[in-house]
Amino acid sequence: MTRIKGLDINIVLVVLLSVFAIAPLFQPGFFWGAHDARHSVYFLYEFDLSVQDGVLYPRWSPDITFGYGYPLFNIYSPLAFYLGEALHLLGLDLVSAIKMVFALGFVLSGVTMYLFVRRLMGSRAGLVAGLVYVYVPYHISDVYVRGLLAESVALVFFPLILWCFYETVERPRVLALVGAGISYAGLVFSHNGLLMLFSPFLGIYLVFLVLSRWWQDLQRIPASGRRRLIRSGGALARRAWMPLAALLLGLGLSAVFWLPMAVEFKFVRLDQWLGGYYDYRDDFVYFFQFFSPSWGYGLSRPGPHDELPFQIGAVPVVLSILSLAVVLRIKNQVQRRMLVFFQAAAVIIAFLMLTVSTRFWELLPIVIFAQFPWRLLALMMPCVAFLAGSVVAVAGGKEKPTGAIATLALVGLVLLGSYAYLSPQIIEPAEGPVSLTGMMRFMQSSDQMTGSVAWTHEVPTWSAFADHVIGEGQAPDLKVDLESLPRPRRRLAVDLQDSSTTSQELWVHAEEEGRIIFNIFYYPGWRCYILEGREGDIAEELEVVPHGSLGRVSVWVPVGEYYLLLRFEDTRVRVVGRYLSILSLLLVLCVLGREAYRRRKTAG
Amino acid sequence: MTWSELPKKLDLDLVLVVLLSVFALAPLTYPGFFQSHSGFWSVFNLFDLESNLWGNLGWVPTEAAGYALLRGEGPLPYLLAEFLRWLGLGGVEAIKTVYAVGFVASGLGAYLLARELFGARAGLVAAVVYLYLPYHLVTVYVRGAFGEAWAFVLYPLILLCLEKYLHGGRWRWASGVVLLYTALGLTNLGLAVLYALILLAYALLLGPSRRMKGRSALLLLTGVGLSLFLQVPAVLRNGVLIEKGGDFFEHFVYPFQLLSASWGYGASVAGWEDTMPLQLGLVATGLTLLTAMLLPSSNGVRPALRKKATFFVVAALAMVLMLLHPASFLWRASLLSTMLRYPWQLLALIGLVLSVASGAVVGMARQLACLPWQAALVTLAILSSYGYLSPHFTDVQVGGSPVAVLGDEMALLAYEREGPLLHGATVRLTLQWQCLQLMDTDYTVFVHIVGTQGTIWGQRDAMPVDGERPTSSWGLGEIVKDQHELTIDVEGPREGYTIEIGVYVRETEERLPLSGGGTAVILD
């Protein structure tokens with residue numbers, strides 16, 4: 001079980017043995033009953049509309065909340081939808097594209113976990129860890145019960161980040177720096193909630209790695225007194241600079257997303273996502289639920305009768321417990337340190353999901369993003385996978401034939417332990433096939449995808465736009481609230497000239513000053529101009545202000561006859577974020593180019 | 001102490017056994033209780049003991065099951081629970097804690113026994129197999145057999161002391177045998193007597209010398225004698241009641257049931273249609289068979305070790321045969337049928353020998369002693385029982401005793417009333433029934449609201465849950481939530497009402513009597 005002509009057979013095994021996890025994705029139909037299955041499909045529907053409209057980095061979704069629109073991708077990580085869009089453009093329909101992203105998430109997460117654990121514990125350990133990571137019940141529930149596309153993609157990056165940052169401390173080199181930066185940026189682009197949960201974990205991991213490695217370095221510093229102090233400080237700096245630089249690089253690469261998100265998050269209504277069902281106090285896990293074999297497709301509810309499974313998994317737990325035996329038997333100090341770290345992390349993470357940790361949650365603003373304490377099960381995944389792999393780890397510093405058959409037996413048990421959970425509920429969507437009509441019906445029946453902005457005082461439950469979609473089967477081009485125009489119409493008349501997902505161009509005839517109200521939620525970035533003729537240059541900018549209890553876009557227009565352009569643009573912070581990302585990308589390319597050149601030169 | 005010294009100082013496997021028992025005891029951390037055949041009766045027995053703790057000499061748990069010298073439960077586990085009550089735990093919590101401690105301690109006992117016999121690696125496997133033995137889980141989560149669950153702790157410890165005594169001859173182990181055996185006698189006397197036969201066989205077949213064999217037999221005799229002596233207060237209080245026969249002979253196990261994967265929470269019935277699992281356990285059976293297969297070919301294995309492994313394999317086979325119907329004459333002739341209510345109770349002892357025999361496979365096949373294999377075996381043992389660890393939970397809050405017991409067939413555990421007892425008012429009554437015996441009759445529940453003069457001013461007669469759950473459909477130990485809504489006649493007096501509840505057969509209008517006399521439960 002090692003390598004065949006440069007090919008690591010274990011990677012192939014991880015990919016092939018993931019087949020049971022991804023097999024349900026290849027059956028006809030879709031698990032529409034999964035909690036966020038529809039969200040995933042319709043988010044991609046919106047993303048596709050924008051991309052087809054020429055917007056390569058979409059921030060505004062025009063049809064969400066009954067057509068009032070929502071800055072979805074300004075505050076929701078877009079990577080999963082880029083992947084889905086790429087597959088869609090290659091010819092897959094939206095649902096198939098979503099399913100393939102789920103499948104990629106499964107397989108790639110197994111591979112990244114394999115690579116991380118192989119680096120530390122050897123390839124057999126990597127194989128077991130990779131498959132535990134794929135088949136851990138929370139992973140299966142994330143996909144088939146909750147239907148969370150973005151979260152399932154984020155799970156690919158956890159092991160990658162742990163691996164690359166490990167390298168920045170243990171073997172600091174340019175590739176490790178770039179890898180760590182890119183993988184962290186990948187997580188930022190994948191899922192905000194998991195980013196906020198994982199980042200403190202990563203911080204503690206890095207402090208642990210740097211300090212433990214520094215402590216090891218200190219043993220080799222012979223000097224004493226002040227000189228020793230200086231040298232030990234230098235040693236600490238040498239170990240710490242690269243992971244910090246990698247973090248900065250990751251933040252730089254992903255600035256196009258996180259910077260506007262951080263600044264402009266306050267402009268959407270948070271109460272819709274924090275109260276009621278999303279109140280974290282109702283979603284702590286009962287101890288027995290971690291170890292319960294019960295499986296369900298329902299929701300998390302207050303009390304111990306949740307219909308959503310919260311089990312860690314029999315096989316991962318048993319192997320994690322047995323990893324205690326490895327700690328005492330293993331000779332390699334680094335391996336032992338890492339084992340102890342992940343054992344402690346698993347215990348602390350489990351503790352944080354229990355009601356007894358309520359006080360801790362109250363102290364942390366992180367609650368905003370986590371929503372549910374049980375979401376920490378995602379952080380539990382890499383811990384138990386690592387620990388499970390360690391059971392077949394090397395002993396005595398070099399790979400010892402501890403039994404390939406035993407490893408395969410464990411692999412079989414890992415698969416067997418989750419096999420029964422791989423039966424998603426394939427049903428037909430009640431709202432009909434994927435379409436704008438279906439989306440409106442879904443929003444109405446579920447009260448989901450109805451996010452609104454900070455200026456919205458009354459969350460809409462229906463709209464004229466939705467009425468039109470249901471009646472005509474397509475969206476109305478004009479998003480102006482004609483009823484609000486002054487009467488008779490000739491005093492202020494408008495005519496649509498052009499429209500897109502992020503703009504409306506109107507011909508305006510105004511005999512007196514007046515207000516034009518658009519059926520679009522106000523949000524920073526909406527700007528309005530008077531043009532010098534159709535598609536002409538900008539002659540004058542008009543002030544855009546939120547209007548009424550819905551917080552719609554409104555513009556006070558002057559007397560005259562002219563063309564008016566309402567457009568969703570990048571704010572200053574979005575521009576800064578974009579340039580930061582471009583600069584970081586250029587830096588990465590330069591560094592990689594230099595590294596390639598250096599290698600070629602060395603080889604030459 | 002350094003890292004390298006730590007393994008020498010600490011038997012980590014003991015810690016592993018404790019941690020690995022987490023799946024078995026996790027359901028006990030549910031905030032309520034679980035539904036089992038015995039339901040809340042262990043809690044009621046505990047409160048019965050507590051009602052007159054120091055004047056209760058000779059107390060044995062008699063709530064629900066009644067008194068039976070050999071077949072009934074003993075007081076020991078209740079005394080442990082009472083100690084926890086003294087520490088401040090509630091009744092349900094105390095019972096659940098004893099169950100949890102029982103799980104962990106039984107695993108530790110099995111580990112120590114198998115380690116003594118076949119080495120530490122074998123100990124871990126044996127302990128996990130014993131912990132997750134299907135019958136062990138049945139005893140707790142399906143039957144709610146409080147005493148028998150605690151007996152699982154004592155079986156391996158007694159054998160461990162006997163083994164130590166056989167090969168060391170020290171008095172501390174001898175006293176261990178006697179004391180632990182007496183504890184078993186105070187837990188379940190019938191099973192203790194049966195277990196004495198196995199211990200005797202073990203001592204006679206595996207004792208190193210005739211002298212030790214004789215001494216061991218004497219020890220066991222002392223243990224049995226002491227156990228019987230300690231029953232004297234209970235006998236003086238309740239009389240010598242030895243049940244014979246009953247339907248014991250209708251509950252032999254069919255061979256397929258021993259190997260069946262089916263799981264249920266129902267009862268053992270005459271014939272083969274039991275809905276209670278009677279399986280030996282896939283892993284325990286498989287590993288024991290593997291041990292049996294290794295016996296003839298295990299050349300490198302010490303003869304003493306092979307002899308012990310042979311004993312456990314043969315003992316398992318012999319006891320399994322005793323579960324089958326053809327062995328009924330042996331039970332009858334030997335009067336052993338008076339020891340147990342059902343022959344399948346022997347599964348506890350079979351479980352012990354199967355677990356030790358399962359551990360023996362690691363002792364005999366050295367390849368299996370490496371950590372990955374050990375991990376695979378332990379994982380397999382837990383995984384094979386993992387699906388059985390979803391007991392039926394209940395959130396019913398009970399007092400120190402049931403509100404009423406009706407004809408030993410059903411009990412009213414608790415009730416809740418909404419609405420005032422005033423004329424013209426609507427009263428909603430939620431009744432929590434528990435099935436004590438499987439019933440053939442469909443009883444009708446009556447709820448009367450009675451004035452001070454005895455006039456009925458409100459009445460409702462209906463089968464439980466508006467006829468959706470007739471009593472003949474109730475499972476053994478099942479808790480049924482039954483709601484009734486009725487209005488008090490506005491013509492009646494303003495207040496001063498009581499509620500009368502009972503059940504009757506609709507055809508004959510014959511009411512089921514209450515255990516305390518009368519035919520109707522009177523609520524406030």
Side-chain angles (χ1 to χ4, degrees), chain A residues 124-125 128 286-295 303-305 311-331 333 336-337 340 347 354-355 388 390-393 395 400-414 416-420, chain B residues 2-32 34 96 100 120-121 124 128 132 263 283 367-395:
Chain A
R124 281 179 195 157
V128 173
Y286 286 80
F287 182 75
F288 80 95
Q289 292 178 315
F290 285 138
F291 310 99
S292 167
S294 63
W295 194 259
H305 300 287
Q311 56 169 298
I312 302 170
V315 180
V317 171
V318 172
L319 296 182
S320 298
I321 290 173
L322 290 174
S323 73
L324 285 171
V326 183
V327 174
L328 296 185
R329 288 170 200 188
I330 216 155
K331 300 252 181 337
Q333 278 195 25
R336 188 188 291 154
R337 271 203 313 257
V340 172
V347 173
L354 300 172
T355 318
S390 74
V391 172
V392 290
K400 203 171 138 187
T402 45
I405 300 172
T407 306
L408 289 178
L410 276 175
V411 163
L413 289 169
V414 169
L416 191 66
S418 292
Y419 187 59
Chain B
T2 62
W3 276 104
S4 51
E5 286 170 344
L6 193 60
K8 294 170 197 161
K9 303 268 181 192
L10 171 79
D11 187 350
L12 183 73
D13 287 343
L14 281 173
V15 179
L16 292 180
V17 171
V18 174
L19 293 176
L20 287 170
S21 61
V22 69
F23 291 97
L25 56 86
L28 297 167
T29 65
Y30 178 84
F34 52 90
K96 288 201 299 183
R121 300 284 166 87
L124 185 63
V128 173
Y132 292 94
W263 191 262
V283 176
Q367 308 91 301
L368 298 182
C370 68
L371 184 61
W373 266 119
Q374 217 179 359
L377 293 176
V378 165
T379 307
L380 182 64
I382 294 177
L383 197 58
S384 64
S385 289
Y386 185 52
Y388 308 147
L389 290 162
S390 283
H392 293 165
F393 294 116
T394 175
D395 296 320

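Throughout, protein chains are lettered first and strands after them, A, B, ... in sequence-line order, and every chain is numbered starting at 1.
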Under the salt bridge (charged side-chain N to carboxylate O under 4.0 Å, His left out) test, residues paired with Arg337(A) that sit two or more places apart:
Glu170(A)

The interface call for Leu377(B) against chain A, heavy-atom contacts under 4.5 Å, is neither

Ala26(B) to Phe288(A) - nearest heavy-atom pair and separation
O-CB, 2.9 Å

How long is the span from the OG atom in Ser320(A) to the CG atom in Leu19(B), to the nearest 0.5 Å?
11.0 Å

What part of Tyr286(A) lies closer than 4.5 angstrom to a heavy atom of chain B: side chain, backbone, both or neither?
side chain

Distance, nearest 0.5 Å, that separates OG of Ser292(A) from CZ of Phe393(B):
6.5 Å

Once rounded to the nearest 0.5 Å, what's the spacing between atom CD of Gln311(A) and atom CG of Leu389(B)?
11.0 Å

dist Thr29(B):OG1 -> Leu354(A):CG (nearest 0.5 Å) comes out at 9.5 Å

Closest heavy-atom pair and its distance - Leu413(A), Ala376(B):
CD1-O, 3.3 Å

Output the option from Val317(A), Leu410(A), Val315(A) having the highest count of non-hydrogen pairs under 4.5 Å with chain B.
Leu410(A)

From OG1 (Thr379(B)) to CG (Leu319(A)), nearest 0.5 Å
4.5 Å

Please give me the minimum heavy-atom distance between Ala325(A) and Leu16(B), naming the atom from each residue.
CB-CD1, 4.1 Å

Do Leu322(A) and Leu124(B) have side chains that approach each other closer than 4.5 Å (heavy atoms only, starting at C-beta)?
yes

Which atoms of Pro27(B) come close to chain A, meaning under 4.5 Å heavy atom to heavy atom: side chain ones, backbone ones, both, or neither?
backbone

Side-chain contact, heavy-atom cut-off 4.5 Å: Ile405(A) with Trp373(B)?
yes

Scanning both residues in full, the closest heavy-atom pair of Val391(A) with Leu371(B) reads O-CD2, 3.9 Å

